[in-house]
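This report concerns only the one structure given below.
As the structure is a computational prediction, the values presented were derived from the model and not from experiment. Chain letters run A, B, ... following the sequence lines, proteins first and then strands; every chain starts at 1.
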There are 2 protein chains.
Amino acid sequence: MGATKTEHFTDKQNAIAILAKALGHPARVAIIEYLMKVDTCICGDIVNELPLAQPTVSQHLKELKNAGLIKGSIEGNAICYCINEKALTKLQAYFANISDSLEKKKSTCC
Amino acid sequence: MGATKTEHFTDKQNAIAILAKALGHPARVAIIEYLMKVDTCICGDIVNELPLAQPTVSQHLKELKNAGLIKGSIEGNAICYCINEKALTKLQAYFANISDSLEKKKSTCC
DNA sequence: TAATTAGATTGCAATATTACGATAAAGATT
DNA sequence: AATCTTTATCGTAATATTGCAATCTAATTA
């Protein structure tokens, strides 16, 4: 035990969970926000922005990449990271949909 | 080591991370979706909906509650759970904001 | 080519999460 | 009161995450 039982849930539920999990750490939220702020891709520089050691940052970047939230391409000596719009759009759509439903229902209880 | 260094990040980043982390497991996504589907609060019944043992479900409910995503109130014998709209609205606003920015920038790279 | 730079990988320790059997707590039913 | 129902808690095992020092890799520069 200890491993998540992904096989019992739908693909969509797992997909959302993977994206949410990747954002489930403040350092990774900070990385996304930094990539948003600097508007263009960033080659090098991310490590200096975070209060964490280089291997730790590298690991967080890897997780964001595995989850599909960022893309990284080799740019000479450095690596160019940028946001994967698709993933964030998926999250946006998911929560917009939930908000819509909540709006409509205006639940009568609690 | 092993513990997240929350103190190095902003309150907002930590707040988003807490909400995202709570949704970082398919069972918890499924719980939220179930609460959405049944439109009203649910007293009892959640355990039967999930392919997990009762203590496991109870634990997931606790985590959703700690993160502020759901509310639970005692209803006689059972417990009445429902969605905390505020938390989901916060997530919706966060990702809508990001999507907006991405839309405006139409990044030129990658 | 040697030194430098950017980033990944390895290895490890500390901590957290996931899952569940057993058990407890508390109101409801008989 | 004894039993049932519902949910929480405890204890524990398996696994995952977080963080970093040390090291490695590969392109760059001197």
Identify whether any heavy atom of Ile74(A) sits under 4.0 Å from a base atom; if not, whether one sits that close to sugar-phosphate; answer base, sugar-phosphate or nothing. nothing
Under 4.0 Å between any heavy atoms, over every strand shown, what does Glu63(B) touch: base, sugar-phosphate, or nothing? Just pick one. sugar-phosphate
Between dT9(C), dT15(C), dT7(D), which nucleotide has the shortest distance from any of its atoms to the side chain of Ala3(B)? dT15(C)
Rounding to an integer number of Å, can you tell me how far [X] [atom1] sits from [N] [atom2]?
X: Leu52(A); N: dA8(C); atom1: CG; atom2: P; result: 15 Å
X: Gln59(B); N: dA16(C); atom1: CD; atom2: P; result: 14 Å
X: Ile18(B); N: dT17(D); atom1: CD1; atom2: C1'; result: 16 Å
X: Phe9(B); N: dG19(D); atom1: CZ; atom2: C1'; result: 11 Å
X: His60(A); N: dG7(C); atom1: NE2; atom2: C1'; result: 16 Å
X: Leu61(A); N: dC20(D); atom1: CG; atom2: P; result: 14 Å
X: Lys62(A); N: dT17(D); atom1: NZ; atom2: P; result: 11 Å
X: Leu64(A); N: dT18(D); atom1: CG; atom2: P; result: 10 Å

Looking at Ala22(B), is its backbone amide N or carbonyl O close enough to the side chain of Arg28(B) to form a donor-acceptor pair, meaning the two atoms are under 3.5 Å apart? yes
Whether the side chain of Asn84(B) engages the backbone of Gly68(B) through a donor-acceptor N/O pair (distance < 3.5 Å, no angle test) should be reported. yes
Would you say [X] places a side-chain N or O within less than 4.0 Å of OP1 or OP2 belonging to [N]?
X: Tyr81(A); N: dA6(C); value: no
X: Thr56(A); N: dT18(D); value: no
X: His25(B); N: dA19(C); value: yes
X: Lys21(A); N: dA16(D); value: no

Go nucleotide by nucleotide along DNA chain D from the 5' end; which of Pro55(A) and Arg28(A) gets its closest nucleotide reached first? Arg28(A)
Would you call the rings of His60(A) and His25(A) parallel, tilted or perpendicular if under 30° counts as parallel and over 60° as perpendicular? tilted
Polar side-chain contact Gln54(A)-dA8(C) base: donor and acceptor under 3.5 Å: yes
Hydrophobic cluster membership, Ile98(A) vs Ile18(A), 4.5 Å side-chain cutoff: no
Please say whether more than 12 non-hydrogen atoms of neighbouring residues, nucleotides or ligands are located less than 6.0 Å from CG in Asn48(B). yes
